[in-house]
Amino acid sequence: MGVAAAGGGVGAFAFPPIINYLNDKYSWKGMFMILSGISLNMCVFALLYRPVTSPNNNNDEVSDQEQPIAEKKETERKKNVWTFLKLSDFYVLGLNNILYQLGATIIYGHLGTYVSRQLKFDKVYASMLYSIIGITVMFFKVGQGIVIQYPRWRLFQPYQQYIFWYSLGGVSTIVFLLIDIGYAGLVVFSFLFGASYASCGGSLIPAILIEMSGVDQFTLAYGIILFGQAIGMLFGPVLAGVLFDTLKAYDAAFVLAGVLMILSAGIMIFPCRNYKATETKTDVTYIVTHDQQLDDVDDSRKYVREEHELTNPSNDPMQSTLTKRNGVLTVTEAEEAASLIESS
């Protein structure tokens with residue numbers, strides 16, 4: 001997810017000077033027409049996508065005794081696909097994204113105007129700040145995802161990283177944009193803000209959602225979170241524009257942006273309390289023979305949990321395998337194992 005999302009950072013790095021050039025050469029109308037043509041090329045790339053089908057999803061390759069379990073799992077998956085809406089932590093995460101985008105898009109929407117009009121820097125220097133933000137976003141999206149792969153670094157788990165980077169964006173906005181420390185201070189702010197903004201669209205939110213609601217519900221949950229982000233994106237720049245028109249300065253708008261980002265980080269303390277870092281998850285294969293009973297499956301589960309070892313698969317045609325990705329056999333899966341034993 002971090003690598004895929006890093007492409008947005010590349011575009012944010014490359015396009016500010018291009019937009020400046022197109023605006024000077026063709027006016028704002030011509031610039032938007034050219035950008036629209038470039039954006040339409042996303043449709044061309046989208047046409048190259050093809051669904052990836054796994055052999056495990058092919059019903060023709062599923063044995064007769066495994067078919068009922070496969071159908072039952074699919075029915076349960078469809079029935080439980082909206083269960084994440086029962087989690088209070090999910091609504092906290094949604095509010096967090098709305099608040100953060102309200103603040104962050106104030107920066108994205110008005111930083112250039114603030115630097116060129118209020119601070120009187122050339123607009124080329126203003127566009128360079130967006131490029132700094134973009135290249136920082138690119139590297140930090142990937143970097144944050146890499147760090148997540150090491151669960152023993154408890155201070156850099158998804159929730160802890162998430163709260164830290166969101167807080168950093170808010171604090172740096174208030175400090176660097178309200179204290180006159182020259183263009184060098186703006187460059188430092190752009191770097192810190194880029195590191196903060198990388199955390200809202202890369203690997204951290206997917207990691208939190210998967211931990212919160214599971215992989216099966218990820219796509220729906222992530223879609224709703226992105227919808228909440230869009231609400232913040234819609235109203236943030238407008239709110240800052242109203243404040244500027246009223247006060248003839250951006251100071252109040254940037255204070256508001258910083259406060260909103262800090263507040264969005266603060267409320268994430270509540271779901272963070274329910275999070276416990278887990279060890280690296282592996283595939284654990286359970287061998288179920290025709291004469292095993294349910295308590296044998298429980299013993300296998302206990303053995304794997306205590307010894308952290310994989311059971312050796314067997315080539316016996318009378319045996320079947322059950323695979324659980326997080327190494328824990330749930331009650332539902334134990335019942336399915338019992339059904340498989342009986343059918344054998």
Side-chain angles (χ1 to χ4, degrees), residues 9 12-13 16 95-141 143-144 147 155-156 159-202 204 229 232-233 235-269 272:
F13 166 74
L95 178 60
N96 155 268
N97 277 269
I98 293 174
L99 292 175
Y100 183 82
Q101 290 294 346
L102 275 171
T105 51
I106 289 176
I107 307 301
Y108 248 120
H110 295 272
L111 178 62
T113 306
Y114 166 74
V115 171
S116 60
R117 292 189 180 181
Q118 188 166 322
L119 300 183
K120 306 302 182 183
F121 286 102
D122 189 272
K123 62 180 182 180
V124 174
Y125 290 98
S127 67
M128 286 178 59
L129 297 178
Y130 284 105
S131 293
I132 294 171
I133 293 173
I135 197 68
T136 306
V137 166
M138 181 185 69
F139 282 109
F140 271 82
K141 281 182 185 294
Q144 290 165 356
V147 171
L155 293 178
F156 298 100
Y159 278 101
Q160 285 79 357
Q161 278 200 71
Y162 196 70
I163 293 173
F164 172 77
W165 293 118
Y166 272 31
S167 300
L168 181 66
V171 172
S172 61
T173 297
I174 295 175
V175 172
F176 285 95
L177 294 185
L178 297 183
I179 298 177
D180 187 10
I181 51 179
Y183 189 76
L186 294 174
V187 171
V188 174
F189 163 74
S190 299
F191 174 81
L192 296 176
F193 177 75
S196 174
Y197 200 74
S199 60
C200 74
L204 294 183
Q229 288 186 6
M233 292 177 179
F235 292 105
V238 176
L239 182 59
V242 172
L243 289 174
F244 177 80
D245 290 341
T246 304
L247 303 174
K248 306 305 179 184
Y250 277 111
D251 300 55
F254 288 143
V255 169
L256 176 63
V259 170
L260 287 172
M261 286 188 278
I262 294 173
L263 180 61
S264 71
I267 64 174
M268 286 301 293
I269 295 175
C272 184

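For the atom pair L260 CG and T105 OG1, the distance stands at 9.0 Å (nearest 0.5 Å). To the nearest 0.5 angstrom, L111 atom CG is 9.0 Å from S116 atom OG. To the nearest 0.5 Å, atom CG of residue L129 and atom OG of residue S127 are 8.0 Å apart. To the nearest 0.5 Å, atoms CZ (F164) and CE (M268) are separated by 16.0 Å. A distance of 13.0 Å separates CD1 in I262 from CD1 in I267, rounded to the nearest 0.5 Å.
Taking all atoms of both residues into account, the shortest heavy-atom contact from I106 to L102 is CG1-O, 3.2 Å. Scanning all heavy atoms of the two residues, the minimum distance from C200 to Q101 falls at SG-NE2, 3.4 Å. The minimum heavy-atom distance between A265 and N96, with the atom names listed, is N-ND2, 4.1 Å. Shortest non-hydrogen contact noted between A198 and F140 is CB-CB, 3.7 Å. I132 and S190 make their closest contact through CG2-CB, 3.8 Å (heavy atoms, listed as atom of the first residue, atom of the second, distance). Residues I107 and Y130 approach most closely at O-OH, 3.9 Å, considering heavy atoms.
Heavy atoms from other residues, nucleotides or ligands lying under 6.0 Å from CZ of F235 number 12 at most.
Counting only heavy atoms from C-beta outward, the side chains of L186 and I181 never approach each other to under 4.5 Å. At a threshold of 4.5 Å between non-hydrogen side-chain atoms, the residues H110 and P237 count as touching.
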Pair I174-F254, side-chain contact (heavy atoms from CB on, under 4.5 Å): steps then yes or no: CA-CA 7 Å; I174 295 175; F254 288 143; over 6 Å; no
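No side-chain donor-acceptor contact under 3.5 Å links Q118 to the backbone of T113. Side-chain N or O atoms of T136 include none that pairs as donor or acceptor with a backbone N or O of G194 at under 3.5 Å. Proximity of a side-chain donor or acceptor of Y183 to a complementary backbone N or O of Y125 within less than 3.5 Å is detected.
Among residue pairs with one or both ends in residues 164-173, those qualifying as side-chain hydrogen bond (donor to acceptor under 3.5 Å, both in side chains) are Q161-W165, Y162-Y166; sequence neighbours excluded.
A distance of 6.0 Å or more separates the ring centres of F176 and F193.
A donor-acceptor contact closer than 3.5 angstrom links the side chains of Y100 and S196.
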For residues 240-248, dump all side-chain donor-acceptor pairs below 3.5 Å to protein atoms at least two apart in sequence or in another chain.
unit_1, atom_1, unit_2, atom_2, d
T246, OG1, V242, O, 2.9
K248, NZ, D245, O, 3.2

